[in-house]
Amino acid sequence: MILSRKSLNISESSTLAITALANQLKAKGVNVIGFGAGEPDFDTPDYIKEAAIKAIKDGRTKYTPVSGIPELKEAIINKFKIDNNLEYKTSQVLVSNGAKHSLYNAMQALCNPGDEVLIPTPYWVTYPELVKMADATPVFVRCDHTKDFRLDLDDLKAKISPKTKAIIINSPNNPTGAVYPQEDLEEIAKLAIAHDFYIISDEIYEELIYDGRKHISIASLDREVKDHTIVVNGVSKAYSMTGWRIGYAAGPEEVIKVMTNIQSHATSNPNSIAQYASLAALRGNKDDVYMMRDEFELRRNYMVQRINNIKYLSCNMPHGAFYIMMNIQELKGKVIEGNVINSSEDVTKLLLEKANVAVVPGDGFGTDDFVRLSYATSIKNIKNGLDRIEAFISSEV
Ligand SMILES: *Cc1c(COP(=O)(O)O)cnc(C)c1O
């Protein structure tokens, strides 16, 4: 039987193989320290859980409107107004099964076969696959670590073509932790307007931003930019609610309408109980959010300082999210405990097998000179894991 050619072209998540290996080791009783986490290690705050329990007891267990319960959409509109200085109508907001689902809906709504979608590299592993699922072609734009992983604007200009349909930006960024400065956002916006393509702005890490920096939503730059932008956000990262699966998108009414139609036939409304929990999250004060952010910032500071003191390793200071791209360029060609290192995959395998530390190889993010470490784990684990990495590297001959 011939399966869908398009679907066969969708890659397995690059993190799966390493997770499977790590689990095998753990099953054998090996104490593995994991730097692979793609989600906060904190529990969902209690007031949010209570709201979900109440929703169940109140019988909020039936279908809701496809695009979300009106109260939640109001809370999202209010959030955009207060946090981002953006005004949306209810018809411009769609609540989905996670921000990932919002991104999927957006790609499906926008793309025709042959369209091109610009993706800054390193990228979140899911973006190229979402583009391919929408019959479009990913086009990669460089972000150099020597320039703080900011978008190379000359490369961006060179990659724009008549087929360009959209750019996906993600600031604060997974995996680099880059936060795009306002002048870069303005430049991206100018190009989107001049060449008439959409901006899909994934702002899921908005709240996790450090050094007193401020998040700027590109749509808030001006009216015309807003008309070209679909903002995607959600509760997963800010409120440690990854399992609840609530994300949302806001944008031009005609795009949101098509996205809603697609969702209506694929999944209907997102989980009713999780919507009430998300409503409580957005209505609550941000004490828990700030507590988590402050803790992440402390861990980041420690980790960056440690990595930059280990021979052959280095990293930039990330300004948001909870990941560090650890530069392994200098390790390439080295021999450690009899093993030659040629790739991020090699580093990952060796660290797991010899040091019992799990990291994520950079090639899945579009760059082989790095491995990604997440600091969504305790400072004790971070210290322990880095001690192991340091000991392993120092056994190089
Ligand atoms: C975690 C993550 C998401 C997905 O969030 P969900 O709301 O849980 O689907 C989206 N974009 C990036 C860059 C992420 O890291």
Side-chain angles (χ1 to χ4, degrees), residues 13-16 19 35-42 44 48 68 72 76 79 93-108 117 119-131 133 138 143 149 151 166-180 199-209 215 217-218 230-250 259 263 266-267 269-271 274-275 277-278 281-282 289 292-293 296 318-325 360 362 364-367 372-376:
S13 164
S14 67
T15 56
L16 284 184
T19 309
F35 288 131
E39 59 184 347
D41 53 315
F42 303 100
T44 303
I48 297 172
L72 178 56
I76 290 166
K79 178 246 171 279
V93 173
L94 168 63
V95 184
S96 303
N97 299 280
K100 189 184 269 185
H101 188 211
S102 296
L103 293 164
Y104 174 83
N105 285 333
M107 293 318 308
Q108 294 293 320
V117 177
I119 301 178
T121 308
Y123 46 75
W124 186 42
V125 289
T126 293
Y127 296 145
E129 309 310 308
L130 287 177
V131 170
M133 282 192 249
C143 299
F149 288 113
L151 202 56
I167 182 170
I168 306 179
I169 60 168
N170 175 219
S171 175
N173 187 276
N174 174 7
T176 68
V179 173
Y180 292 0
I199 301 163
I200 298 165
S201 183
D202 178 352
E203 302 181 10
I204 194 82
Y205 292 102
E206 162 175 29
E207 298 285 4
L208 301 178
I209 195 162
H215 173 75
S217 182
I218 192 166
I230 295 130
V231 183
V232 173
N233 208 327
V235 294
S236 283
K237 306 290 160 61
Y239 298 93
S240 205
M241 289 178 71
T242 45
W244 299 77
R245 310 308 306 130
I246 297 291
Y248 50 87
M259 288 170 63
Q263 177 167 309
T267 63
N269 61 273
N271 179 293
Q275 287 191 65
S278 301
L282 291 179
V289 177
M292 294 190 257
R293 184 195 62 193
F296 280 132
H319 299 290
F322 41 71
Y323 309 99
I324 289 177
M325 285 297 257
V360 185
F365 305 106
T367 170
R372 191 191 76 176
L373 277 68
S374 158
Y375 46 93

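Everything numeric here is computed off the predicted structure, so don't read it as measured data. When a ligand or atom number is given, it counts from 1 through the structure's own listing order. Side chains included, hydrogens not; waters and symmetry mates left out as well; all remaining heavy atoms used.
Side-chain contact of E39 with S236: a donor-acceptor pair under 3.5 Å is absent, judged by distance alone.
Looking at F322 against ligand 1, nothing comes within 4.0 Å, counting heavy atoms.
Note: an N/O pair closer than 3.5 Å links S236 and ligand 1 by distance alone. Inclusion of N97 in the set of residues having an N or O under 3.5 Å from an N or O of ligand 1 is not warranted. Backbone and side-chain nitrogen or oxygen atoms of D202 are examined, and one is located within less than 3.5 angstrom of a nitrogen or oxygen of ligand 1.
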K79 vs E206, salt bridge (charged side-chain N to carboxylate O under 4.0 Å, His left out): CA-CA, chis, key distance, verdict: CA-CA 12 Å; K79 178 246 171 279; E206 162 175 29; 2.9 Å; yes

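The aromatic ring centres of F296 and F42 sit less than 6.0 Å apart. Ring centroid separation for the pair Y205 and F322 comes in under the 6.0 Å cut-off.
With respect to N97, the side-chain hydrogen bond (donor to acceptor under 3.5 Å, both in side chains) criterion is satisfied by exactly one of N271, T267, N269: T267.
Under a 4.0 angstrom heavy-atom cut-off, A99 registers as being in contact with ligand 1. Residue contacts with ligand 1 leave out W244, since none of its heavy atoms falls under 4.0 Å from the ligand. The closest approach between a heavy atom of G247 and any atom of ligand 1 is not below 4.0 Å.
Closest heavy-atom approach to atom 4 (C) of ligand 1 within the set W124, Y104, Y205: this belongs to W124. Closest heavy-atom approach to atom 14 (C) of ligand 1 within the set K237, K100, R245: this belongs to K237.
In this pair, Y104 and H101 present their aromatic rings parallel. The plane angle is below 30°, not in the 30 to 60° band.
A distance-only check finds no donor-acceptor pair linking the side chain of D202 to the backbone of I169 [under 3.5 Å].
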